[in-house]
Protein chains: 2
Amino acid sequence: MAIKDQASRGISRQVLADHVYEELLAALMDGRLEAGTPVSIDGMARELEVSPTPVREALARLESTGMVRRTALRGYRVAPLFTPDELADLMDARLVIEPANAFMACSHADPKLTAELAKAIEDLRSAPRGPSFSEFRAYWEADERFHRLIAENADNQFLLSAYNALGGQVQRFRFFGGLGVTDADFAIAEHTEILKAFEAGDAELAREKMIEHIEGVKQRSQHDSEVRS
Amino acid sequence: MAIKDQASRGISRQVLADHVYEELLAALMDGRLEAGTPVSIDGMARELEVSPTPVREALARLESTGMVRRTALRGYRVAPLFTPDELADLMDARLVIEPANAFMACSHADPKLTAELAKAIEDLRSAPRGPSFSEFRAYWEADERFHRLIAENADNQFLLSAYNALGGQVQRFRFFGGLGVTDADFAIAEHTEILKAFEAGDAELAREKMIEHIEGVKQRSQHDSEVRS
DNA sequence: TAATCGAAGACCCTATAGGATCTACGAATT
DNA sequence: AATTCGTAGATCCTATAGGGTCTTCGATTA
C-alpha cells in the first residue's frame, strides 16, 4: 500500500515503475539488498505490493547502472562486490575522466559553483564518521556531491554520461561501505586543494589536484583491501 | 510471426524481449526509425507481432543507450539529431576517453590485436563509399570496429562502459549518416598511424596519434556541419 | 463561416492469468 | 541407507484485459 497509495490518491498522476525504481535504488544503496543476492521479480512485486510489470521495467532500467545483473530466463541478482583488481580498474577509469571534468568545470567556474563545492566539503567535515550505514550515508553523500558537482559543471553531457557509467554514485559507496571511514581526513584535505584551484581559476591546477586526490583514494583503497583480506 | 516463430520453435528457448531489443536497435541504426519520431509501444508490438510487455522492457533497456528518450506517461521517441555544439562536445568527450584507451591497449598489445586492427583498416579501405545506407554501413562498421577493438583491449571494464556511454556505436553513425563520406581518406591515414604505433609498441605515440585522429574528425565534422547549414 | 462539443480511437500504464522451466522436498523403491 | 521419482511451489516470461488520458475529427450550434 505504501507506494500504491501515493499513486492512486491521484493528486498528481505518476508512473508506478518510477517509484519502484527509486525504491530499489534506495534499498541497494542502504545495503538492504546485499551483493550477490537474487532479486525476484514476483517477490519484489509482492513486497512492494504492486504487480510484476512495473518491477520488471524498473529492473530493466537498473541493469544499465551496473547495480544488478541479469541472466536471461534466470532473473536478476545484485551485482557482486569488487575484487581489488576491479577496484584498481575503477580508479584508473576515474583518473581518466574526473581530471578532465575538473579542468573543464574550472575553466568556466562561477562563484555559485565554488560556494557549493565549499559547502560539500563543509558537510564532509561535519558528517558523522560512525561505521553504521545511516551514519556513513551523510559522509558518502557529501563526497559524492562534490565529485558530481564538478562532473555536472564540466558542461558536457557526454562526459557526464561517462561519469555516470562509472557508477560514480553507487560503486564508490559499495566499495567504502564495508570499510571504516579511514579516508575522511585525507579526502577533506584533498578536496580542499581542488577547491582552492577552483577559487584561483587555475584549471590546470584543478586537473592536477584531482589526479592527486584520486591517486590517493586508489592507494588507500588498495591498502584497505590488503588489510581486510 | 517473424520473431515469434524463432522463439516458439523451441529449439533453444529465448527471451522475446531480447529479440525486440535487437530488432529496434537494427531499425534505429539502419535509419528506418528517423530522429524525433515517436515510438509507440502498442504500435511497435503490433508491427513485431508480440505483446506490448516485451516491447516495454526492450525500450526501457534502450533508453540507457541514448538512442531513445522517454517522457513519463507520454512514451518514447527517437532521440533528436545532434546540434553542432553537441557534436563538438561529443568529440571533446572522445578526446578524453579514447586516447587513454589507446595508451592502455597498446601497453599490452599482442600480434592478434594488431592483426585485427590491420584488418579493420583494410575493410575500411575496401568498403564502398556510396551515399546510400546499405553501402555506407560497411564503411561505418569497419570504423566502429577499429575504435571498439582498442576500447575492449584496454582491458578495463569501466573505461569500456564509459566508451559505451558515449554511444560510440550509434551516435557516431547518426552523425555521419546524413553526410557523405568525405572523411574516408583522412580516417584511413590516421587509423594507419595509430596502427603503426601499436606495431611499434609505443603506447605514448598511440595516445598522441589517437588525439590527432579525433581532432581531425572533430574539425572535419564541424566543417561539414557548416556546409550543410 | 467559425467555434464548440462529443465520440471514437490511440496510447500509456498496471493488473491478472497462464504456460514453461527449475528447485526443493518428501515418498517410494532398490 | 541411498537413490530415484514425483509433486508442489517459486520464478520467469508473455499475452490479454481494462482503466485513464490525450488527440482527432466530425457534427452541431451560434
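So you know, we letter chains A, B, ... as the sequences are listed, proteins then strands, and number each from 1.
For C:dC13, the OP1/OP2 oxygens have a side-chain nitrogen or oxygen of B:Arg56 closer than 4.0 Å.
Nearest-nucleotide assignment on DNA chain C puts the 5′-proximal partner with B:Asp42, out of A:Pro54 and B:Asp42. Between B:Thr53 and B:Ile41, the residue anchored closer to the 5' end of DNA chain C is B:Ile41, taking for each the nucleotide with the nearest heavy atom.
Comparing D:dC13, D:dA15, C:dT16 against the side chain of A:Arg70 picks out D:dC13 as the nearest. Checking D:dC13, D:dT14, C:dC13 against every side-chain atom of B:Leu73, the shortest atom distance belongs to C:dC13. Comparing atom distances between the B:Arg46 side chain and each of C:dT16, D:dT16, C:dC11 picks out C:dC11 as nearest. Nearest to the side-chain atoms of B:Ser51 among the listed nucleotides D:dT11, C:dT23, D:dT16 stands D:dT16.
Rounding to whole angstrom units, CG of residue B:Asp18 and C1' of D:dC13 are separated by 11 Å. If you take CD of A:Glu57 and P of D:dC12, they are 16 Å apart, rounded to a whole angstrom. In this structure, B:Met44 atom CE and C:dA10 atom P are separated by 16 Å, rounded to whole Å. B:Glu49 has its CD atom 14 Å from the C1' atom of D:dA15, to the nearest Å. Rounded to an integer number of Å, the gap from B:Glu63 CD to C:dC12 C1' is 15 Å. Atom pair B:Leu16:CG and C:dG18:P shows a separation of 20 Å (rounding to whole Å applied). Atoms CZ (A:Arg74) and P (C:dC22) sit 9 Å apart, rounded to a whole Å.
Residues B:Asp123 and B:Lys119 are paired through a salt bridge, judged by an N-O separation under 4.0 Å between the basic side chain and the carboxylate. One finds a salt bridge joining A:Glu57 and B:Arg56 here, because a Lys/Arg side-chain nitrogen approaches an Asp/Glu carboxylate oxygen to under 4.0 Å.
Between B:Arg148 and B:Asn164, the side chains place a donor N or O and an acceptor N or O closer than 3.5 Å (distance only, hydrogens not considered).
When every heavy atom of A:Leu90 is checked against every heavy atom of A:Leu166, the shortest pair comes out as CD1-O, 3.9 Å.
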